[in-house]
Structure formats: structure tokens, C-alpha cells
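Convention: sequence-line order gives letters A, B, ...; per-chain numbering from 1.
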Amino acid sequence: MDNLASLLDGFATVVTPMNLLIALLGVTIGTAVGVLPGIGPAMTVALLLPVTYGMEPAQAFIMFAGIFYGGMYGGSTTSILLNTPGESSSVITAIEGNRMARAGRAAQALATAAIGSFIAGTIGTLLLVLVAPPVVAFAVSLGAPDYFALMLLSFVAVTAVLGASRVRGFASLLIGLVIGIVGIDAVSGQQRLTFGVPLLADGIDVVVVAVGIFAVGEALWIAAHLRRRAAEVIGVGRPWMGRQDWKRSWKPWLRGTAYGFPFGALPAGGAEIPTFLSYATEKKLSKHPEEFGRGAIEGVAGPEAANNASAAGTLVPMLAIGLPTNATAAVMLAAFQQYGIQPGPLLFERESALVWTLIASLFVGNLLLLVLNLPLAPAWARLLRIPRPYLYAGILFFASMGAYAVNAQPFDLFLLLTLGLIGFGMRRFGLPILPLIVGVILGPRAELQGRRALQLSGGELHGLVGGWVSWLIYAVIAVVLLWPLLGRFVVRPLRGRLVTG
Amino acid sequence: MTTRPDRGGDPPPRPAAPGETGAAGAVPSIPEQPTAERPQPAAARPAPADVAPAVVTDDPADGERPATRPDRAQYGVCAFLALVGALVIVDATRIGHAVSSADPVGPKPVPILLGVLLLVIAAIYAVDVARGGTGEPEAGEDVDLSSPIDWRTLLLLIGAFLVNAVLIDRLGWVISGSLLFWGCAFALGNRHHVRNLLIAVALSLITFYTFAIGLGVNLPAGVLQGIL
């Protein structure tokens, strides 16, 4: 009940004319930037960080909430109207939604995506309200060793579970961890990896890293491989759905939400698996399986809901424990740190009003998106025709502006370019981006917790093992790391024996 | 949009996009792709042009199976990782011994651990590459992986970026930002110079007034101080 009262207080903060305007602005520019091809949700948030620099934390959070859901929604519009997906979680939407659009049903595809996103986002945010407080209560009871173990799990999960190649994942993670230790060590005051450059003493700003890797790296990579002929855009009228469409959509929305939220909340869930699961389920349950692959509305409704519910799910570990589990959450976390706010269990105690304002504005932003997107879809579709030189020049322009504005140092621009080139190289060689950004954000905190744990034990390594929680987490890490070996020597022989027996 | 002619040469065979492989079980294969240009696998083609120049391998004679030729530039990544690892270790050994009872670990062990892990990963990576492992280049809405890396565009973009970084404090954001946008649009192949300049100046002015004056974000006025 306490939480309900706090949530209502949050709503009271959001529903002032000024804050509503900010929320509206957030969803509008979030969608507009998210719709632009080549800009995924993480880059949307990274590029729009400077917009919030001059604001109060509460207003900045209201804006972030809008940008977050707006960017997600904008991405799905891009996938439906262009044939190529921007990120792996929208592969399905791109295939099935684009088939619908080609068959002249773009309006219905956009409508089912918009309404599905709204429903999934609302249910997901409700679940966040229900799930986050118990998680916080649990997280508060954890000690330094448990946190250290949890962060190790987070590292291992984003590198070894997601992504195709473990070696490349770990390479990316280690680069991130190295970037994270640059600067003055918080405990001892010693300089590390600063090479005598005073400007590096404060460390490399996480915002500069996020903008460099996501925006500059991506823009350079796309520029180097720019399609000479822009992809074909399908025109669209005002989104609407017929009776039949509603009938075929509502169950996939709910099932997609049920898949998406838990996967998003897991340390290594991501949005891809639930969208694929949702698609497979809808195909199996559908009365029109023959339409799948040719533009079945269920194939857009389910995965799109799963995608959005998963985004709401990622907010649980992000807000309650301070663990980012996908790129967008990682960039949001970087943004919070910009305000000196450290997500985690203490956030709910210290900055309770702020957290509940954020959650309330997620609800409000989601509703505004629905109201805004259904009539504005044709305008968004026009954004897809933006000449590519302007688009990518604009990304570099805004990225430079945002990175410079953090500390007002031209030095940050050189850092930004260096990081952008690293991001470029990573895209060229297929190194995943997420481990790097998670390493940069969590690395310093993991070191702090690890050293705190060892401080209690006087430097003995057993200090890293705390209560049962850390044991459990280490066990999970061991299983994840040893999975290829387990698979070869335990699972496969067992399966073989079962088959022959 | 571009005045430059397309690059000649056969595009390399494109590996399946991550989504395509991941969706193989769930998504039925699409019968025909009207817009997507499917690159034809080249029977024999020259060394991939997107190999980083520093690590170009000079053995044109090895032409047994050009299509599945390993991506040798990946050894450059291993070298980079090893180099960073060594650098981190060297830097860590330089740190003074600052162990106190409040901090028994000190600032040293973590960088040393990271450095060692980087060396280990570099070695494993090299083994993986030697056994034929490749990373998959990132796909995207505007990305055409069948074309080689366009170094000219890339270098021009980096140039425009550096011009902005050098000039931003001296001339101010409005001028350096305009140069940045104009330079990037030029690098990306747009040749409407006057129109681009107008857009660039408008964009810089709008951002300057909204962010620096409206929102109090740090953007320098530079030589235009007092005029803007």
C-alpha cells in the first residue's frame, strides 16, 4: 500500500501541465529519432542525453521515460515500413510486418504494433511496480560479496549467454573494463592508465563512451557501407484495425507480454528470445498458419508486445539492483549517473519520489505514445525518406554536441572519435557492443564491492564468498562458463544413452 | 544521392545475418525478396578490400579457395588486445604501493588481472581465428555488407570530425558545428554545397539557441561571442 501511495504521488508530479508537456516532448522526439533508420533505441537515448542536461532530475526522468518508450516504438515503425530490421529484437517485426505492409496492410501492421506496444508496456510497467519492491527488499539484505558475485554474473551473462562468440564477447567486456579503470582510483587516490594526462584523471565519462560507441561507431560503420540505393519505403495511411484484426491480435498481445517481461527481467534475457518464442507460439496456435511468412497480423502483434514487455522488464534489475541487462538500459543508467544518481536498492530509499515519478511517467508516456502515434504515422513514415548524408551527418553533429557538452572540453571530442573508431572496429569484426558498455558501467562498481568485501576479510580471498546468495551465484556462473564442456561430456552422452536405451 | 560511381568488382558472399540464422527454426524462409540485392558468390576474387591496411597479408599466390579465405585482419584485433593488455600491466606496475589496512587490495591487482586476462583472450582469439573462426559484421537498415569498406568516406568523416574538435573552442560551436555538418554531408556524397551550408548553419544556430541559451548546456560561442 505504501508503494501505491508513492506511485500516486509520482502521478501527481507528472500530471502538472509543465511536466506533461515535457513527457509529450520526450515521446515525440524519442519516436522521431527512433524512426530514423540506423538509429536504434540505445542510440536514441544516447543522442538525446544533452536535451536533459539543463533540467531538474525529476523532469529529466520524465523525459527519459518518454524517450525510452518512444525510441522503442519508433524502431518498430522503421522495421515495418523498411524491409530491414535495425536490431535483432525487431527481426520478426521486420519480416512479418513488412510482408503485411507489402500486401497493403501497413496501416493494420502499425496499428497492431502500436496498440500491442501500449498494452505490453502498460502491463509490463504494472508488473514492474509489483516486482521491483520485493526485489529491492531482497537486494538491501545483500552484502558486498553478494553484490560482487552478482556483477560477475552480469558480466558473464551478457558475454557468454548473449551473442554468438564467447571469445569476442569477453574481448569486448575486457576493453570495457579497461576503459572503466581509467582515472583516479576512488579508494587509494592513485592514477591509473592516465599516462600523465590531467584530463583523464576524472576518468572517461560514461556518456562519452555510450555516445562514442553507439552513435559515432555506428554512424562511421554505416557510412563505410552505405547502401547506394536507399531501401524502399512503403507508404501508409492512418493506422486502423478492423474487427477481425482486433480479434486476431488481442491474445498474441497478452501472450507476447507474458514471454517478454520475464526475459527482460533476467540478467541475460534480452528481447530476441521472447520475440522468437512469441512468433513460434502464435504460428502454432493460429487458425491461419499458412499466412505466417506472408504477413500474418499475429506475427506482428505477439513479437511486438514481447519486445516492449521485455523493455519494461529490463527496468526491474536496472532500477532495483543497478544492473543493466540491455544496451538501452545501460545508456539510461549512464544518464542517471550523470545526475549523480546511482540506481540500486538504495535508490528506492533515498530518491523514492524520483523513482516513482519515473515509473508514473512510464505509464503516462505510454499512453501519450498511443495517442500520438496512431494519427501521426504518415508523418513518421515520411521521416524514413530523409537523405542518408543528412541523417548520418546529423548523427555525428549531435553526437559531438552531446559529448562536448558533458564537460565543455574539446578533449572529449578526441576521446569520442577514438571510442567511435573502437566501435567501428568492433562492428567490423563482429565483437558485441553490449559487454563493453556493461563493463564500463559496472566495472568500477564491481571493483569497489570486491575491494570492500576483501577489506572485511583483511585481504583473504574467502572474503569474496558471503552468504548462500553468493554461493548460488557462483554456481550459476560456473555452469554458464562450463556449459560447452558440460554439453559435450554430460548432456550429449546422457542424451545418447537415452536414445539408445 | 551520390555522384560517385559504384565500386566495381564482385561482392563477397555474405554470411547470413544474425537474425536469419537465429530465426531459422521459427521463421519460414521467404520465397522471394524483391528489393534485397542478393550478392552472387564470386568464383575468384581479389583480397577483400576491407582488410585493415596495417595487417594486409601479402600472399596473393594462396588462391586455392578464395571464397572461404580466412579473415586475416582479425589477427590485428588479437594484436590490439595483447597490446592493450601489456599496456595495462606496465601501467599497473608503475603504481606505487599504497596498501593500507582500510584497503588491503590496493589499486594494483585489478589492472594486473585485467591485463593478464586480455593477454589470455588475445591468445584464445588468435587460436579461434587460426581455426577459421570469424566474427559477423554488423548488419543494419542502411548497411550494404556486400560492398567493401569505403575508406575515402571514412577518412573524410574523421577529418570533418577533427576539424570540429580543433576549432570548437576557438571559433565557437556555430561555426565549427556548421563545418562538421557540411563536411560530413560532403563526405557522405551529397553535392548540394549551398543547400548543405544553409542546413548546416541553420542546424548549428538552432542547437546553439535551444541548448546553450535555452537550456544552459555548455556550448561555446567562440568568436561570435556578443553577436549571437
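Comparing A:S165, A:A171, A:A399, A:G425 by how many heavy-atom pairs each has under 4.5 Å with chain B, the most go to A:A171. Here B:V143 is the residue among B:I121, B:L167, B:V143, B:L215 with the most heavy-atom pairs under 4.5 Å with chain A. Comparing B:N196, B:V88, B:T210 by heavy-atom pairs within less than 4.5 Å of chain A, the highest count is held by B:N196. No other option in B:G216, B:A185, B:A165 has as many heavy-atom pairs under 4.5 Å with chain A as B:A165. Ranked by heavy-atom pairs shorter than 4.5 Å toward chain B, the options A:F170, A:Y404, A:Y392 are led by A:Y404.
Classification of B:R94 and B:D91 as a salt-bridged pair holds, one side-chain N sitting under 4.0 Å from a carboxylate O. Contact check on A:R192 versus A:E447 returns a salt bridge, with a Lys/Arg side-chain nitrogen under 4.0 Å from an Asp/Glu carboxylate oxygen. At a threshold of 4.0 Å, the pair B:K108-A:D185 does not count as salt-bridged, since none of the basic side-chain nitrogens sits closer than that to a carboxylate oxygen. Between A:R428 and B:D71 a salt bridge is recorded (basic side-chain N to carboxylate O distance below 4.0 Å).
The backbone N or O of A:A296 sits less than 3.5 Å from a side-chain atom of A:E96, completing a donor-acceptor pair.
When heavy atoms are compared at a cutoff of 4.5 Å, B:I199 approaches chain A solely by way of its side chain, counted from C-beta outward. With a 4.5 angstrom heavy-atom cutoff, B:V217 touches chain A only via side-chain atoms. The part of B:L81 that comes within reach of chain A is its side chain, from C-beta onward, which places non-hydrogen atoms under 4.5 angstrom from that chain. Within the 4.5 angstrom heavy-atom criterion, atoms from both the backbone and the side chain of B:F181 approach chain A. For chain A, the nearby parts of B:Y125 are the backbone and the side chain; heavy atoms of each come within less than 4.5 Å. Only the side chain of B:V84 comes within less than 4.5 Å of a heavy atom in chain A; its backbone stays farther off. Only the side chain of B:I168 comes within contact range of chain A, judged by heavy atoms closer than 4.5 Å. Residue contact with chain B, scored on non-hydrogen atoms closer than 4.5 Å, involves the backbone and the side chain of A:L177 alike. No part of A:L277 comes within reach of chain B, as not one of its non-hydrogen atoms sits under 4.5 angstrom from that chain. Contacts between B:S204 and chain A at a heavy-atom distance below 4.5 Å involve backbone atoms as well as side-chain atoms.
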**Asked** Under the side-chain hydrogen bond (donor to acceptor under 3.5 Å, both in side chains) criterion, do A:S457 and A:E460 qualify, and how do the steps go?
**Response** CA-CA 5 Å; A:S457 69; A:E460 297 295 320; over 6 Å; no
**Message:** Assess the residue pair B:W173 and B:S178 against the criterion (side-chain hydrogen bond (donor to acceptor under 3.5 Å, both in side chains)); give the C-alpha distance rounded to whole Å, side-chain angles, the decisive distance to 0.1 Å, and a yes or no.
**Reply:** CA-CA 8 Å; B:W173 168 249; B:S178 301; over 6 Å; no
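In this structure, the separation between OG on A:S400 and CG on B:L180 is 4.5 Å, given to the nearest 0.5 Å.
For A:F424 and A:W221, the gap between ring centers is short of 6.0 Å.
Closest approach of A:I181 to B:P111, counting heavy atoms only: CD1-CB, 3.8 Å.
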